[in-house]
Amino acid sequence: MPVQRTLSIVKPDAVEKNVIGDIIRRFEENSLSIIGAKMVHLSAAEAGRFYAVHAQRPFYKDLCAFMSSGPVLAMALEGKNAVTLNRQLMGATNPKEADAGTIRADHAASIDANAVHGSDSEENAAIEIGFFFPDLELHSKA
Ligand code: CMP
């Protein structure tokens, strides 16, 4: 399995619930290393740039408002099969459909307030990591 990088965001709802530590524990216990981390409070415009791929979707405005409603923790994760592994740990986008024991099943309240974001491909991971982190702020173990 290839060593990959992926972007994780702990969203404003999960930051507010004080479950950052629980989410990081799940990553580390599953051999994902945090190679970059920062807490930021995005503006609605910045959230809009991050989620530009969804600009035509009906939920885009609410998504940008929610993602700029409080601070988020952005993390670059590294490990074998990191993109898929992170998505398995997160569970389905809609927490009602998320498997038991996943982050979203345990911590998400709705499809909007769904606790975490994770990149959906290695290509998008590189773009999303670059949104938050210059190379100098990434500390690879690979
Ligand atoms: P995320 O993985 O951050 O990617 C885009 C976000 O849009 C998604 O999680 C959800 O929180 C939010 N969203 C709201 N409605 C929908 C929907 N119908 N389909 C997909 N994502 C949605």
Side-chain angles (χ1 to χ4, degrees), residues 1-135 137-140 142:
M1 278 184 293
V3 172
Q4 298 177 330
R5 293 178 179 181
T6 192
L7 184 81
S8 170
I9 302 177
V10 180
K11 295 189 178 187
D13 56 319
V15 172
E16 179 62 27
K17 284 181 187 162
N18 259 352
V19 294
I20 289 175
D22 178 71
I23 291 168
I24 288 178
R25 176 187 61 76
R26 294 172 192 236
F27 294 151
E28 293 187 334
E29 285 183 356
N30 285 277
S31 303
L32 288 172
S33 296
I34 294 153
I35 62 163
K38 64 176 63 167
M39 186 174 263
V40 292
H41 191 152
L42 298 169
S43 67
E46 288 164 342
R49 276 203 295 121
F50 180 79
Y51 279 116
V53 65
H54 294 306
Q56 302 309 319
R57 307 286 293 274
F59 56 81
Y60 179 68
K61 199 164 164 248
D62 286 347
L63 173 63
C64 296
F66 175 68
M67 289 301 288
S68 58
S69 67
V72 300
L73 182 71
M75 290 179 282
L77 309 179
E78 184 181 77
K80 285 184 185 157
N81 216 16
V83 173
T84 301
L85 178 54
N86 180 39
R87 293 181 72 78
Q88 287 169 349
L89 295 173
M90 289 194 299
T93 305
N94 186 342
K96 288 181 188 155
E97 295 163 9
D99 288 341
T102 59
I103 293 168
R104 284 168 169 158
D106 289 346
H107 295 309
S110 69
I111 196 167
D112 298 303
N114 67 348
V116 278
H117 167 81
S119 308
D120 65 2
S121 67
E122 207 173 359
E123 187 187 0
N124 283 338
I127 296 167
E128 292 183 356
I129 289 172
F131 182 91
F132 286 100
F133 299 100
D135 280 350
E137 295 181 14
L138 296 170
H139 309 281
S140 178

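Both ligands and their constituent atoms are indexed starting at 1 by order of listing.
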Q. Mind checking whether I103 and F27 have side chains closer than 4.5 Å, heavy atoms only?
A. yes
Q.
Could you check whether any side-chain heavy atom of T6 comes within less than 4.5 Å of a side-chain heavy atom of L32, counting everything from C-beta outward?
A. no
Pairs under 3.5 angstrom, nitrogen or oxygen on both sides, ligand 1 versus protein: list them out, please.
{"unit_1": "ligand 1", "atom_1": "2 (O)", "unit_2": "R104", "atom_2": "NH2", "d": "3.3"}
{"unit_1": "ligand 1", "atom_1": "2 (O)", "unit_2": "H117", "atom_2": "ND1", "d": "3.3"}
{"unit_1": "ligand 1", "atom_1": "3 (O)", "unit_2": "K11", "atom_2": "NZ", "d": "2.7"}
{"unit_1": "ligand 1", "atom_1": "3 (O)", "unit_2": "Y51", "atom_2": "OH", "d": "2.6"}
{"unit_1": "ligand 1", "atom_1": "3 (O)", "unit_2": "H117", "atom_2": "ND1", "d": "2.9"}
{"unit_1": "ligand 1", "atom_1": "9 (O)", "unit_2": "K11", "atom_2": "NZ", "d": "3.2"}
{"unit_1": "ligand 1", "atom_1": "9 (O)", "unit_2": "N114", "atom_2": "ND2", "d": "3.3"}
{"unit_1": "ligand 1", "atom_1": "11 (O)", "unit_2": "K11", "atom_2": "NZ", "d": "3.2"}
{"unit_1": "ligand 1", "atom_1": "11 (O)", "unit_2": "I111", "atom_2": "O", "d": "2.6"}
{"unit_1": "ligand 1", "atom_1": "11 (O)", "unit_2": "N114", "atom_2": "OD1", "d": "3.3"}
{"unit_1": "ligand 1", "atom_1": "11 (O)", "unit_2": "N114", "atom_2": "ND2", "d": "3.2"}

Could you check whether atom [atom1] of [X] has more than 12 heavy atoms from other residues, nucleotides or ligands sitting under 6.0 Å from it?
X	atom1	result
K38	NZ	yes
E123	CD	no
E137	CD	yes

Q | Of all pairs that satisfy side-chain hydrogen bond (donor to acceptor under 3.5 Å, both in side chains), the ones with a partner from residues 72-89, not counting sequence neighbours | A | R5-E78, E78-S140
